[in-house]
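Written out below as structure tokens is the structure these notes cover.
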Amino acid sequence: MSGKVIVITGASSGIGEATAKLLAKKGHKIVLGARREDRLKEIVEDIEKDGGSAVYQVTDVAKHDSVEALAKRALDTYSKIDVWLNNAGLMPHSTFDKRKVAEWDQMVDVNIKGVLYGIAAALPTMREQKSGHFINVSSIAGHQTHPGGGVYSGTKYAVRAISEALRQEEAAAKSNVRVTIISPGAVATELTHTITDEDLKPGIEQLYNEVAISPERVAETILFAMDTPADTAMNEILLRPTSQQV
Ligand code: NDP
């Protein structure tokens with residue numbers, strides 16, 4: 001079977017959608033996971049119209065069983081998992097005084113636990129195959145923080161810590177499992193739609209309108225990391241719009 005089997009969480013829009021489409025064009029087989037079935041269905045149809053191969057599984061990454069079902073869908077359809085892209089995430093920025101505790105919970109559940117569940121779902125298969133690649137989406141916010149971004153940054157710092165420990169463990173186990181962190185700056189997607197703090201939203205939207213790059217740029221970066229020869233792992237890639245200052 002030619003082409004890698006690539007599972008993408010958060011594949012219904014933005015970076016996940018752009019990556020699914022680009023990798024399918026390159027001959028890879030894509031398994032898309034997210035909650036919005038109508039969007040997933042449409043993207044699979046677009047990929048198939050273009051001559052590619054893809055399936056979807058409605059997935060809530062905050063639920064362990066749901067992520068296991070996504071891995072099962074990949075194995076039932078394509079019999080292996082070469083790349084698992086932990087991409088699902090949300091960014092409802094707010095200052096702490098707003099006490100948006102439900103949003104804090106959601107970010108921890110999706111941005112951190114979702115990544116852990118992805119690792120739990122795919123690692124046994126990758127160990128058995130003696131090959132595999134986790135690509136975990138962190139952020140520039142995983143390197144620095146700012147008022148209103150404390151919880152989101154915390155989750156993205158966590159993604160980097162989790163990824164680095166996983167990398168060290170797999171290197172020690174000589175499993176040939178690679179780990180890559182992708183840390184983008186502002187990318188024009190639906191990410192800012194989840195912001196409900198009306199004091200912060202206009203400023204963030206203005207920044208995005210001024211500088212954000214297209215999600216295809218991130219997809220190209222993911223492809224680059226994937227295509228590195230198997231004896232080498234791109235451990236982290238930071239990318240920003242050229243005109244983004246911080
Ligand atoms: P989008 O909002 O366009 O995409 C987010 C994706 O995550 C959607 O497909 C959404 O699908 C999915 N998602 C959200 N909650 C869940 C859930 N519980 N279960 C499964 N899927 C879920 O934004 P981006 O493409 O920008 O975001 C992708 C990743 O990139 C995120 O991790 C984000 O933090 C990161 N990032 C983005 C940057 C940017 O500037 N855009 C910069 C740095 C990092 P659905 O709602 O259908 O479930």
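One-based numbering, in listed order, for ligands and for the atoms of each. Just the heavy atoms: all of them, side chains too, but no hydrogens, waters or symmetry mates, feed the values below. In this text, all values refer to a predicted model and were calculated from it rather than measured experimentally.
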Which side-chain N or O atoms in residues 198-208 pair as donor and acceptor under 3.5 Å with protein atoms at least two apart or in another chain?
from, atom 1, to, atom 2, distance (Å)
D199, OD2, K98, NZ, 2.8
K201, NZ, I195, O, 3.2
Q206, NE2, E210, OE2, 2.9

Which heavy atom of A20 sits nearest to which heavy atom of I30, and what is that distance? O-CG1, 3.7 Å
May I ask you to decide if V61's main-chain N or O and T59's side chain share a donor-acceptor pair within less than 3.5 Å? no
Do side-chain atoms of T228 reach the backbone of F224 as a donor and acceptor pair under 3.5 angstrom? yes
For residues 239-246, please give each side-chain donor-acceptor pair under 3.5 Å, one per line with the distance, not counting sequence neighbours.
from, atom 1, to, atom 2, distance (Å)
Q244, OE1, A186, N, 2.8
Q244, NE2, V246, O, 2.7

Give the protein residues with at least one non-hydrogen atom closer than 4.0 Å to an atom of ligand 1, ordered by chain and number.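 Within the 4.0 Å shell of ligand 1, which is judged on heavy atoms, sit G10, A11, S12, S13, G14, I15, A34, R35, R36, T59, D60, V61, N87, A88, G89, V110, V137, S138, S139, Y152, K156, P184, G185, A186, V187, T189, E190, L191, Y208.
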Would you tabulate the side-chain donor-acceptor contacts of residues 67-76 under 3.5 Å, counting partners in other chains and residues two or more places apart, or write 'none'?
from, atom 1, to, atom 2, distance (Å)
E68, OE2, H64, NE2, 2.9
K72, NZ, D76, OD2, 2.8
R73, NE, Y56, O, 3.1

